[in-house]
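In what follows, a single structure is set out as C-alpha cells and then discussed.
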Amino acid sequence: MVKSRFAPSPTGNLHIGGARTALFNYLYTKHHGGVFVLRIEDTDVERSKDDYVKDILGGLSWLGIHWDEGPYYQMDRMDLYREHAYRLLAEGHAYKCYCTAEMLEEKRKKALKEGGKPHYDRTCRDLLPDDASSEGKPFVIRFRSPVSGEVSFTDLIRGTITFKCEELDDLIIFRTDSTPTYNFTVVVDDALMGITHIVRGDDHINNTPRQILIYEALKYPVPQFAHVPLIHGKDRTRLSKRHGATSLLEYRSDGFLPEALMNYLARLGWAHGDQEIFSQQELIEKFDLPNVGKSPSVFDMDKLTWLNGHYLKTLPAEDIAGRLLPFLQRMGIEASPDGRLVRIVVNLRERARTLKEMAQMAEYFFRDDFAFDETARVKFLTAATRPILVDFAEGLKAIASTDEEESLKALIEGLTKKYNAKPVGIIQPVRVALCGRTVSPGIFEVIAILGKEAVEKRLTRAVESIQ
RNA sequence: GUCCCCAUCGUCUAGCCUGGUCCAGGACACCGGCCUUUCAAGCCGGCAACGGGGGUUCGAAUCCCCCUGGGGACGCCA
C-alpha cells in the first residue's frame, strides 16, 4: 500500500513549485491506489500564518488535488515530538548542547571564511550529563550523528545517492524554546503516519541522509525517496517572488482553468511519449516516478497559455459559461448562465486564451453604451461609411429575425454592389458600430446574438456619432 | 569553500536502462503559406539541439572517465 504526503509549511502561499510537488505525490499515489496525506508543517511559529494555510488548502482544492487524510498540523503533535526526542536522549542518540546561537554563528562564519565546512564543532557532544556548570542553562537537543561511515539510499528518480558521515552535522532537533525542528518532526510524522513514499523537491536531497539516520536511531522503517527537480525561472535559478512565484490562486483570477494548470504542471518534468494533453484521469493512469526527468525545468507561461486556450475550446461550453460569470461580474456585468451566454462562449472560445480575456471580449454583448475604440472609430465611422450604416439599418427593417443569416448575407451583398465595395468594406463599419472595435466573432453571429433591437439601437448610435 | 544533483532545439520534452531503424521525433514560441467578413482558430510548411575532450565498440545522443557549465544544500527555516 502506497502512502504519501504533501507537507508544506505555511510560511508562504502555495506557488507553482509546491503545487507540482503536491501533484506528483497525488498522481503517484492515486496511480498505485494509495492514500494521500496533507500535513501542515507549522513549527516555525514566527513565520507561519493562518492566511497561508488558507491559501494552500484553497490552491490545492482549486487545482483538483484532494487529500485522503488530514490536514494534520504539527503544532497539535508536540507531545509526540517531545516524547521521541527524550527517547533519543535517554538512549544516547542525542545530547544537550549549551552553545549559544551567537557563538555558533561566529564559528560558522569563521569556518566558511577559512574555506572549511561550516559545521558544528561538537563542543557539547561529550559533556557529562550531570556537569554542574550546565545547571539551569538553556540548551538545545542535538542528534548524535555517526562520525564515520556512509549513508546511502536509492532514490526512485536518481538511483543510488551516497553521503559520507563526515559531511553530516549533529543537527539540532529541539530548540532552546523546546520546539522541535523540521528534520526531526518530518521523520517522526512520516514514520508515525506510515508514509511509504516521500516525493519532494531535490533541495531536500541533502536532508535525506540525516533523516535516514534519525529513522534508524528511532528504529522505524526507512521509506522510499524520490526527489523531483526544482522548477526554475527564466534566469534558471530557483523559483521565487521575482519570477512571479505568487499564489497558485492568482492563476485562477488571471483566468486560467485548473484543468490547464494541472496538465501543464504534470508535463513540467514528466512526459509520456509525445502526448501533450492529459485529463486528470489520464494522468492518474499514466503517471509514474521513473518517467520523471532529472533536470530542472523552466516555467513557460506561453505554453500554459496555449494549454488554457485548448481547454477553453474543448471543455463543454455550458461549463465554460459558468466559469466566465465571476469574470464578467468583476467587470460590473451581471449575466445569467443561459443559452445566450453559452452562444457567446461558443463564439469567443476560439479567440480567447483565458477567461479574463474572454470576459473583456464579451463586454459589448452586455452593454449598448460601450466606448468606441478610438482608432477603430476614426477609421470606420466616417462620412464615407455613414450612408452604408444608414442603408444597413434600413435594410434590416425588412428582415424579420437576426437569425436569418441568408437575408443578412443578401443585404450585405446588395450593399457591396451599391457601394462598389468588397464585403469587408461593408462589414467592418458595421462591426465597429455594433462592437466598438475591429475585432469580434463573425458578424452574422454578432448580429444574431445581439438581436434586432440592439443592432438597430447601436447602428443609430454609431450614425449619430458621425457629425 | 565543501558536499550533493543535473546537462538533447529559445522553452517543455521523446529517444538513453536493453548501443545501429536518430544526418535526432513531438509540443510551445517564432517565421512563411493556405483558409477568410476582422481577429483568432484550423491546416500545411520552415527555422532550430545531442556542452567539450578522451576512451570502449565495426558502430555512441545512448556505455565509462575527465573537463566545463548550471543548479541545490551547508540555519535554534522548512
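Each chain gets a letter, A, B and so on, in the order its sequence line appears, and its residues count up from 1.
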>> Just the rounded figure in Å: distance from P of B:G71 to CZ of A:Arg158.
In response: 16 Å
>> Can you measure A:Arg77 atom CZ to B:A78 atom P for me and round it to whole angstrom units?
In response: 16 Å
>> At under 4.0 Å between heavy atoms, how does the protein contact nucleotides 27-44 of chain B? Give one character per nucleotide, 5' to 3', with B, S or -.
In response: BSS-------BBBSS---
> Do A:Trp270 and A:Phe287 have ring centroids that are under 6.0 Å from one another?
Replying inline: yes
> Can the ring centroids of A:Phe372 and A:Phe370 be said to lie less than 6.0 angstrom from one another?
Replying inline: yes
> Taking only N and O in the side chain of A:Arg108, is any of them less than 4.0 Å away from OP1 or OP2 of B:C74?
Replying inline: no
> Considering all heavy atoms of both residues, which atom of A:Pro429 and which atom of A:Thr385 are nearest to each other, and what is their separation?
Replying inline: CG-CG2, 3.8 Å
> What is the distance, rounded to the nearest whole Å, between atom CG of A:Leu171 and atom P of B:C74?
Replying inline: 11 Å
>> If we ignore hydrogens and angles and just use 3.5 Å, is the side chain of A:Asn13 paired with the main-chain N or O of A:Thr246 as donor and acceptor?
In response: no
>> Measure CD1/A:Ile205 against C1'/B:C4 and give the value in whole Å, please.
In response: 7 Å
>> Under 4.0 Å, heavy atoms only, any strand: does A:Gly293 hit a base, just the sugar-phosphate, or nothing?
In response: nothing
> Can you list every pair that meets ring-ring contact (aromatic ring centres under 6.0 Å, His included) and has a residue in residues 155-189 of chain A, with sequence neighbours left out?
Replying inline: A:Tyr182-A:His204
> Atom CD1 of A:Ile157 to atom P of B:G72: distance rounded to whole Å?
Replying inline: 18 Å
> Which of residues 41-52 of chain A sit near RNA chain B, with a heavy atom under 4.0 Å from it?
Replying inline: A:Glu41, A:Thr43, A:Asp44, A:Arg47
> Phosphate oxygens OP1/OP2 of B:U13: is one of them under 4.0 Å from a side-chain N or O of A:Ser297?
Replying inline: yes
>> Please report the distance, rounded to the nearest Å, between CD in A:Glu106 and P in B:C76.
In response: 15 Å
>> Only pairs with both distances under 3.5 Å count, Watson-Crick or wobble alike; so what is the partner of B:G42 in this structure?
In response: B:C34
> When you compare B:C63 with B:G26, how far apart are their C1' atoms, in angstrom units rounded to a whole number?
Replying inline: 27 Å
> Expressed in angstrom and rounded to an integer, what is the separation of A:Ile161 atom CD1 from B:G72 atom P?
Replying inline: 17 Å
> Considering Watson-Crick and G-U wobble pairs with both distances under 3.5 Å, what does B:A78 pair with?
Replying inline: none
>> Among B:C6, B:G72, B:C12, which nucleotide has an atom closest to any side-chain atom of A:Leu230?
In response: B:G72
>> Looking at A:Tyr86, I'd like to know if the NZ or CZ of A:Arg82 sits under 6.0 Å from its six-membered ring centre while staying within 45 degrees of the ring's axis.
In response: no
